[in-house]
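Okay, so here's the structure we're looking at.
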Amino acid sequence: MKKIRAFIEAAGLPRVIIGGFLVLLFAVAPLAQISVARSVSDTLVRMAMNGVMVLALVPMVQSGCGLNFGLPLGIIAGLLGALLSIELDITGFAGLFFAMGVSLPFAAIFGYGYGLILNKVKGDEMMIATYVGFSSVSLMCIAWQLLPFTSPIMIWGYGGSGLRVTVSVSEHWLHVLSDFLSFQIGNFYFPTGMFLFLAFMCFLVWGFFRTKIGTAMTAVGSNPEFARASGIDVDKMRTISVVLSTMLGAIGIVVYQQSFGFLQLYTGPFYMAFPAVAALLLGGASVNKATLFNVIVGTFLYQGICTMTPSVINSLLQTDMSEMIRLIVSNGMIIYALTRKVQVKR
Amino acid sequence: MKNKSFKDILISNAVPIIFLVLSAAAIPLSGFTTSYLIQEMVTRMGRNCFLVLSLLIPIAAGMGLNFGMVLGAMGGQIAIILVTDWNIVGMQGLLLAAMISTPISLALGWLTGEILNRAKGREMVTSFMLGFFMNGVYQFIVLYGFGMVIPVENHAMLLSRGFGIRNAINLQGVRQVLDKFLMVDIGPIHVPMAAFIVIALFCLFILWFNRTKLGQDMRAVGQDMAVAKSAGIAVDRTRIIAIIISTVLAGYGQIIFLQNIGTMNTYNAHEQAGIFAIASLLIGGATVSRATITNVFVGVMLFHLMFVVSPMAGKTLMGQAQLGEYFRVFVSYGIIALALVLHALRRRMDKERERQSLRGGDAPAPANGH
């Protein structure tokens with residue numbers, strides 16, 4: 001009993017509940033005539049799809065800027081890169097990396113401005129980040145209508161104006177990363193390329209936090225006064241973390257799109273930050289501390305729930321409750337993290 | 001205190017002034033007649049002011065904008081669904097809906113208050129997420145509870161599968177009951193006097209409440225929790241009461257809103273209520289820590305003026321009504337972002353000034369410092 005309690009203490013109650021729920025879903029999957037191999041494979045695909053976007057939250061949490069609800073800003077940069085690569089008709093890996101490469105300067109510029117705002121509002125970052133995200137998404141709705149793209153894949157036919165709501169990437173770089181070195185055993189498909197890429201990004205972030213700047217950033221996050229006393233430029237570190245977070249967000253969405261198959265414009269990016277935040281918190285991160293382990297575990301658990309609830313619950317109960325369960329799990333997780341007793345920083 | 005410079009007035013009213021200028025430019029572009037616009041404004045004031053007023057008390061208690069007001073709106077909507085199903089029409093239906101919504105909102109308000117007391121210093125983002133969370137619970141109740149656990153007689157309201165409420169329901173029984181109760185025509189303009197009387201009563205309630213012991217306590221808590229606590233005020237309890245009042249009133253506000261519209265968008269109406277109410281209040285010049293009744297009326301009017309004219313102005317200007325539509329969504333979110341940033345900036349400047357004065361040096365005059 002004591003051991004169990006210690007385990008729950010260490011892993012955190014929500015993680016234990018969600019993990020248990022996920023195990024239960026996998027256990028009853030055969031009863032619902034669902035292939036477990038297929039389900040595991042789907043979970044892994046979605047985990048790799050979303051992993052980089054969850055990873056994108058880490059720098060800002062570490063530097064004390066809180067959860068990056070302004071992730072849509074990075075997503076917009078990623079969308080701009082992806083659109084340009086399709087407009088210029090670049091296919092295959094070249095197109096994918098072109099999209100990422102082009103999105104980075106956009107993300108850097110957006111992130112810099114966003115970072116300057118967040119430095120002026122210390123203590124209120126999360127609420128303002130949410131609304132910076134929302135307002136930039138709605139501003140871009142106007143831009144998507146007006147930007148002078150010409151590729152027939154992207155614009156409305158028959159005299160309509162502006163970009164389509166969803167733009168297919170199937171003719172350019174659909175699954176190029178997913179299918180790289182991928183293999184299939186029966187129902188089980190493993191997207192090796194995406195996992196290699198995720199591992200590579202994790203490695204870069206891991207490496208970054210071991211450089212001088214990375215260490216300084218963590219110091220700013222854990223104690224800004226102390227960091228300032230030891231000669232670290234607090235505002236500069238925070239800005240760098242925001243820029244980094246936005247750039248990772250841009251890369252994350254491109255990875256997501258090559259697997260998903262479509263660019264979702266207009267109101268698409270509105271709520272994309274919340275699942276990523278929920279996943280990170282589910283992995284055991286708190287509002288001011290996150291590790292790569294949290295990213296991996298959290299993304300797996302969250303995407304596992306998202307994959308398994310529609311299929312299992314739908315076939316058992318003959319009704320679609322997945323959307324609701326997702327809302328309750330993800331937002332409940334965020335509330336749990338926000339109400340946890342942590343040192344309130346000034 | 002009297003020698004407030006012109007610049008100060010400009011700065012402290014920046015948001016409403018920007019809005020006034022925007023609307024002034026957009027009205028001629030939209031091509032609407034004055035009497036049409038006035039009628040629209042009167043109708044929309046009657047419809048929305050109550051919802052916006054429900055935000056005032058938590059602001060006085062220092063809890064910021066109560067994004068949790070959507071919980072009250074959900075309570076109001078569940079009450080309206082029940083009343084519509086039981087086919088209780090007219091004023092009785094409306095009053096019964098208000099009565100049913102009260103205990104639901106009380107419970108939800110208490111829950112919100114408890115949670116926010118655990119998240120002091122980040123009430124706004126927590127109440128915001130709580131709105132999303134309860135949205136899931138609300139969907140569960142309305143999509144599964146109704147017809148399965150809660151009996152529904154009127155099958156026209158149910159989805160074809162036999163349980164769960166349809167996406168849009170027709171509120172024939174209570175449609176414009178309050179508005180038509182006392183409709184006064186002033187020239188060509190129809191004024192829903194009863195709605196305005198209810199709103200006036202609410203304003204009086206707020207003015208009276210601010211003078212009570214509880215209202216004073218709330219302001220003390222809003223000023224400084226630590227000081228209030230050492231003065232013997234039960235801080236947590238006071239905060240919970242503030243949120244409960246706000247939630248219950250938001251429930252009534254949503255009922256008033258829905259009876260005017262006459263149909264209910266079952267799964268979105270509450271979300272829109274929250275975002276529009278908060279945007280309106282901020283546009284009226286309120287901040288996260290200070291909001292008055294005047295802010296409410298000015299804000300509702302300016303926000304809805306823009307709301308009415310911007311699609312048509314967009315059409316004239318760009319040839320597309322859709323652009324105006326996007327523009328007004330952008331404005332509602334952008335204004336909240338701007339107001340939050342301005343508030344955080346001002347708070348930081350105040351803190352800086354305080355520190356200056358502690359140093360014993362000449363504290364710069366509050367008006368023209370920095």
Side-chain angles (χ1 to χ4, degrees), chain A residues 66-67 69-70 117-118 120-146 161-162 266-267 270-271 274 277-278 287 317-321 323-341 344-346, chain B residues 64-65 67 114-141 143-144 161 163-164 275 278 288 314 318-320 322-345 347-348 351:
Chain A
L67 302 165
F69 289 110
I117 294 177
L118 289 189
K120 298 217 184 319
V121 298
K122 284 180 196 136
D124 275 336
E125 292 99 342
M126 285 189 270
M127 197 69 231
I128 288 165
T130 312
Y131 276 94
V132 166
F134 282 174
S135 44
S136 51
V137 171
S138 44
L139 183 65
M140 286 313 282
C141 283
I142 301 176
W144 300 135
Q145 288 250 313
L146 298 178
S161 65
Y266 297 95
T267 52
F270 243 103
Y271 295 114
F274 298 106
V277 170
V287 175
L317 301 179
Q318 306 295 332
T319 161
D320 187 8
M321 295 175 100
E323 174 62 22
M324 236 153 35
I325 292 178
R326 200 156 54 209
L327 273 175
I328 293 178
V329 168
S330 58
N331 297 312
M333 197 60 232
I334 298 176
I335 293 174
Y336 172 80
L338 287 171
T339 50
R340 246 189 331 176
K341 283 264 178 285
V344 179
K345 280 182 308 215
R346 290 284 147 208
Chain B
L65 301 162
F67 287 85
E114 279 289 335
I115 289 178
L116 294 190
N117 275 342
R118 286 158 202 266
K120 287 185 184 123
R122 11 176 208 253
E123 286 93 347
M124 277 195 282
V125 68
T126 309
S127 67
F128 177 78
M129 294 313 307
L130 191 62
F132 279 152
F133 174 75
M134 286 309 287
N135 191 17
V137 178
Y138 172 83
Q139 276 190 29
F140 181 73
I141 292 171
L143 212 48
Y144 294 95
R161 64 180 186 194
F163 58 88
I275 168 89
I278 287 166
V288 176
M318 308 274 199
Q320 285 170 8
Q322 189 64 45
L323 281 180
E325 182 83 36
Y326 285 138
F327 179 72
R328 73 185 185 191
V329 176
F330 165 63
V331 167
S332 3
Y333 287 123
I335 208 74
I336 298 183
L338 179 69
L340 291 172
V341 170
L342 285 177
H343 175 71
L345 272 180
R347 207 175 50 187
R348 195 161 92 147
K351 214 178 268 174

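Heavy-atom basis, side chains included; hydrogens, waters and symmetry copies ignored. A, B, ... follow the sequence lines: proteins, then strands. Residue 1 opens every chain.
Heavy atoms closer than 4.5 Å to chain B are found in both the backbone and the side chain of A:Ile328. Heavy atoms closer than 4.5 Å to chain A are found in the side chain of B:Phe128, but not in its backbone. When heavy atoms are compared at a cutoff of 4.5 Å, B:Phe67 approaches chain A solely by way of its side chain, counted from C-beta outward. With a 4.5 Å cut-off on non-hydrogen atoms, B:Leu342 does not touch chain A at all. For A:Leu67, no part lies under 4.5 angstrom from a heavy atom of chain B. Contacts between A:Ile142 and chain B at a heavy-atom distance below 4.5 Å involve backbone atoms as well as side-chain atoms.
Under the 6.0 Å cut-off for aromatic ring centres, A:Phe270 and B:Tyr333 qualify, their centroids lying closer than that.
B:Leu65 is not listed as a side-chain neighbour of A:Met127, based on a closest heavy-atom distance of 4.5 Å or more. Residues A:Val121 and B:Leu340 fail the side-chain proximity criterion, which asks for heavy atoms closer than 4.5 Å. The shortest side-chain heavy-atom distance between B:Val341 and A:Val132 does not fall under the 4.5 Å cut-off.
Summarising the geometry, atom CZ belonging to A:Phe134 is positioned 7.5 Å from atom CD1 belonging to B:Ile275; distances are rounded to the nearest 0.5 Å. Taking CD1 of A:Ile128 as the reference point, atom CG of B:Leu338 lies at 10.0 Å (rounded to 0.5 Å). With values rounded to the nearest 0.5 angstrom, B:Tyr138 atom OH is found 13.5 Å from A:Leu327 atom CG. Here the CD1 atom belonging to A:Ile117 is positioned 10.0 Å from the CG atom belonging to B:Leu345, to the nearest 0.5 angstrom.
Residue B:Ala119 comes nearest to A:Leu338 through the heavy atom pair CB-O, 3.9 Å, listed as atom of the first residue, atom of the second, then distance. Across all their heavy atoms, A:Cys141 and B:Tyr326 have their closest contact at CB-CD2, 3.5 Å. Minimum interatomic distance between A:Ser135 and B:Phe330 (heavy atoms only, all atoms of both residues): O-CD1, 3.3 Å. Taking every heavy atom of both residues into account, A:Met126 and B:Val125 meet most closely at CB-CG2, 4.1 Å.
Considering only heavy-atom pairs separated by less than 4.5 Å from chain A, the leading option among B:Leu116, B:Val329, B:Leu143 is B:Val329. In terms of heavy-atom pairs under 4.5 angstrom with chain A, the leader among B:Val288, B:Asn135, B:Thr126 is B:Thr126. With respect to chain B, the highest number of heavy-atom pairs below 4.5 Å among A:Met333, A:Met140, A:Gln145 belongs to A:Gln145. For the options B:Met124, B:Met129, B:Arg161, heavy-atom pairs under 4.5 Å to chain A are most numerous at B:Met129. Options A:Phe274, A:Tyr271, A:Tyr266, A:Phe69 differ in how many heavy-atom pairs under 4.5 Å they form with chain B, and the most are formed by A:Phe274.
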